[in-house]
Asker: 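Have a look at the structure that comes next, please.
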Amino acid sequence: MSLVKPLRLLLLGAPGSGKGTQTSRLLKKIPQLHSISSGDLLRQEVKNKSEIGSIASSYISQGKLLPDDLMAKLVVTNLKQSGWLSPDATWLLDGFPRTSIQAEILNNDLQNYKAELNLVVELDVPESVILERIENRFVHVPSGRVYNLQYNPPKVPGKDDVTGESLTKRSDDTAEVFGKRLQQYKSTLAPLKEYYANKGILETVSGETSDIIFPKLYDLVKRKFGAH
Ligand code: ATP
Ligand code: MG
């Protein structure tokens, strides 16, 4: 699909709701789309043993959110370096903003470039489904590609389809830390949704699986931004 106007999309959703999976699918269908996942950015920093990485790892392992200003700086710097702070760029964010303070900081920055978000989609997935999914989740850290042993297994067990490199389990996907992440998400969601609802750009798509959600998400994007 080609878009008739630039899309700047935020995907909202509980941990394990499939933001990463929906992102990969949208990227395949919309050639001009780029994506940034705040969690993937942080995991790369941890892997590279950078200063931010060493701060991030203690927050991540406890299922706590990093400070708003630090996160905003990380993501906005990445948008800038990628050349996407422009009114013509088309991109999506996964995992940031996730507090209303982050939303305000980002909005102020994007306003300066006339590149504010123009669509926010909440992925609404039942909690029972999410909990089951997490146990089966494996990731390829360098790319952020996500696999599920049941629904979306890698072609070769334990290996990334594209690079052949090893897959790992996220250290924060344990029952204990995951429970905290879910609580955290619930406690910041309402004000965040309100912020975007007030701007008139909030939509919700519901479903139990990524296969049910994707066509709904894709149709929504197509209806609002797409040519064919
Ligand atoms: P999933 O990847 O399953 O959708 P998630 O949204 O909980 O789950 P990530 O987005 O990968 O996971 O984030 C992992 C961790 O990184 C979070 O638990 C948090 O510690 C930190 N983090 C990521 N994004 C942010 C953010 N916008 N603000 C603060 N902390 C963040
Ligand atoms: Mg993710």
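Atoms within a ligand are numbered from 1 in the order they appear, just like the ligands themselves.
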Asker: Counting only heavy atoms not in K80, do more than 12 fall under 6.0 Å of its NZ?
Answerer: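 12 or below, so no.
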Asker: Residues around ligand 1, heavy atom under 4.0 Å from any ligand atom, sorted by chain and number. Can you pull those?
Answerer: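 Contacts of ligand 1 under 4.0 Å: P15, G16, K19, S38, G39, L42, R43, I60, K64, L65, L66, M71, G95, F96, R98, Q102, R137, R170, D172, R181.
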Asker: Check ring-ring contact (aromatic ring centres under 6.0 Å, His included) between F214 and all other residues, then give those that pass, not counting sequence neighbours.
Answerer: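 For F214 the ring-ring contact (aromatic ring centres under 6.0 Å, His included) partners, ignoring immediate neighbours, are Y218.
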Asker: Going by side-chain hydrogen bond (donor to acceptor under 3.5 Å, both in side chains), name the pairs with one or both residues in residues 41-58, residues two or more places apart or in two chains.
Answerer: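 Listed once each, the pairs are D40-R43, E45-S50.
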Asker: Within 45 degrees of the axis of the six-membered ring of F225 and under 6.0 Å from its centre: does K5 put its NZ or CZ there?
Answerer: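 The answer is yes, since K5 meets both limits relative to F225.
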Asker: Any idea which heavy atoms bring A14 and L182 closest together, and the distance?
Answerer: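 That closest heavy-atom pairing would be CB-CD1, 3.9 Å.
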Asker: With sequence neighbours excluded, give me every salt bridge (charged side-chain N to carboxylate O under 4.0 Å, His left out) pair touching residues 133-151.
Answerer: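 Qualifying pairs, neighbours excluded: R137-D173, R145-D160.
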